[in-house]
Amino acid sequence: MAVTASQNNLAGLPRRLVQDGLISEERLLEATELAKKEKLPLVAYLVNNDLADSRSIAVAASHEFGVPLLDLDAVEIDLEVVRAVDQKLINKHRVIPLVKRGQRLFLGISDPTNLQAIDDIKFQTTLRIDPVVVEQDKLEERIVKAIEAVDTSMSGMDDDDFDLENLDITGEEKDDEEVHRDDIEDAPVVRFVNKVLLDAIKRGASDVHFEPYEKYFRVRTRLDGVLSEVAQPPVVLANKVCARLKVMSRMDIAERRVPQDGRIKMRLSKNRAIDFRVNTCPTLFGEKIVLRILDPSSAKLGIEMLGYDEHQRGLYEKHLAKPYGMILVTGPTGSGKTVSLYTGLNILNTEDRNISTAEDPAEINLPGINQVNVNPKVGLTFASSLKAFLRQDPDVIMVGEIRDLETAEIAIKAAQTGHLVLSTLHTNDAPRTLTRLVDMGVKPYAIATSVSLIIAQRLARRLCDNCKEVRDIPREALEKEGFEAKDLDAGLTVFGAKGCKSCNDGYKGRVGIFQVMEVSETMGRIIMEGGNAMQIADQAAAEGVYDLRRAGLNKVKEGVTSLDEINRVTIE
């Protein structure tokens, strides 16, 4: 039976809630006063304090005011629509923009009598606002998720979303070094540099190159492993752009004769910051500057996203789980070695493990891991860092790169004495890694008893799923490329790049091509007997280890990438 509410005390939604028996008039009046004190909407206060059911309130509001009711679980929020409304208004009124149709904006709201919210958003957006009743508890969840997604996403942002002259940018702190800054900076140059960096982030580039020549000055970005020109500013600006970048990364702007290293942190929002590793190199016509973009989210992709097949992934996880031994990741610069290592460290990063890394420099900050930037100028080398780690009871050690015999010997001894060691080497494939260590002077028996897994890798561009097309390639040509007869007999389909609005010349993102080689007893014996890389490669093939070419052809067979791309990144 409905409860009659006092005409003098209640109106609108509160009156309906009492009439429907959802809450007593006395408790509702008390809740109204407390909600005002806490500066909360009444519906939010009722739901937060379990005074009324969120679903029942939404149904009552919809019936009372003839406003449509929507279940937020049944819809996806469009971030472009969320961006159209000032975040301060969303937080103040606790509403969520849902859909924009022409000049109409549908607004999710738990109390349709909140005319102030509707008026404020109408004034800010100049759109007609159509309220849609949603449940208060689901509304709060969606507001938090939507704002977080907007903060951490760069897609769709315009230059107007940023003050290009006053971005929050900081450089790397350097001890005992005075940072020289011009009292007055050239605003157009500041704006140009900031715009180039923001565009590179939005496009998903991995690095940015500023290159001065005699007659022109160009800017290129590397997207999915391929460089392309994005700007060619006047050559007279080359020195100003260079000086601006050196100021941002806290380098000595007066020193132009020797290479310098620095770092920039660009804060895009409260929840997202991007680091740039900066290097200068003197050339004939000025300093070439390369900025490598370090996005922390790349280290948190998860091993399943990197491109390992099931067997390769199983081997990596098996050796990560071992308490000792050495895992080496090899490949040229830019082949994804760092991401592979950080992914492994993320798996190992638990409360019961002591993990230390020595890097030059530490590219991505990982909470829970003790990271050291080596600094040879003050005697902090890879070798000295390793010696220090071994005095601090480590479980896992990561060495950014094994460059010399001393570092190699200490790392191998650590692997032999109950520590798991991860590191990188610059070699072309897994078998050559073992002979490279011998060439460095490491004793063959030490290699055979310490190195347990070697991962050689390359990065190939992924075909765009929206536009990739089937290629008609003769059987003879496919056999010459290395495909087996059983693949061709099974009806192999090869895809190629086409290109559309949502990709970059038919490609979107990259995938790893891996050779994962477990060092067996037989391989260890070959090393100790003075065998060469070809003998080790033959043994690996006999044990079923795919070389990089075969791993790449498997990716073509799966439709992940194209034959042209595999030919670009692997040897035929």
**Message:** side-chain hydrogen bond (donor to acceptor under 3.5 Å, both in side chains) for R549 and N567? Distances and angles first, verdict last.
**Reply:** CA-CA 9 Å; R549 177 70 181 175; N567 286 335; 2.7 Å; yes

**Prompt:** What residue pairs, at least two apart or across chains, pass salt bridge (Lys or Arg N to Asp or Glu O under 4.0 Å) with a residue in residues 508-531?
**Reply:**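 Applying salt bridge (Lys or Arg N to Asp or Glu O under 4.0 Å) to every pair that reaches into residues 508-531, excluding sequence neighbours, yields K318-E518.
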
**Prompt:** Can you check whether F483's main-chain N or O pairs, donor with acceptor, with K557's side chain at less than 3.5 Å?
**Reply:**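 No.
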
Residues 452-461, side-chain donor-acceptor partners within the protein, below 3.5 Å, at least two apart:
unit_1, atom_1, unit_2, atom_2, d
S452, OG, M326, O, 3.1
Q457, OE1, S340, OG, 2.8
Q457, NE2, S335, O, 2.8
Q457, NE2, G336, O, 2.9
R458, NH2, N428, O, 2.8
R461, NE, E565, OE1, 3.1
R461, NE, E565, OE2, 3.4
R461, NH2, E565, OE1, 3.1

**Message:** Looking at R475 and E479, is any side-chain nitrogen of the basic one under 4.0 Å from a carboxylate oxygen of the acidic one?
**Reply:**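 Yes.
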
**Request:** Taking only Lys NZ, Arg NE, NH1 and NH2, and the carboxylate oxygens of Asp or Glu, determine whether D487 and R550 approach each other closer than 4.0 Å.
**Result:**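 Yes.
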
**Prompt:** Are D360 and E401 side-chain neighbours, meaning at least one heavy-atom pair lies under 4.5 Å?
**Reply:**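 No - every pair of side-chain heavy atoms lies 4.5 Å or more apart.
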
**Message:** For Y445, I'd like to know if atom OH has over 12 heavy atoms of other residues, nucleotides or ligands within 6.0 Å.
**Reply:**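 Count not over threshold, so no.
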
Polar contact flag, side-chain donor to acceptor under 3.5 angstrom, [X]-[Y]:
X: N532; Y: R432; answer: no
X: D261; Y: N279; answer: yes
X: E543; Y: S520; answer: yes

**Prompt:** Can D564 and S562 be said to form a side-chain hydrogen bond (donor to acceptor under 3.5 Å, both in side chains), step by step?
**Reply:** CA-CA 5 Å; D564 291 339; S562 67; 5.1 Å; no

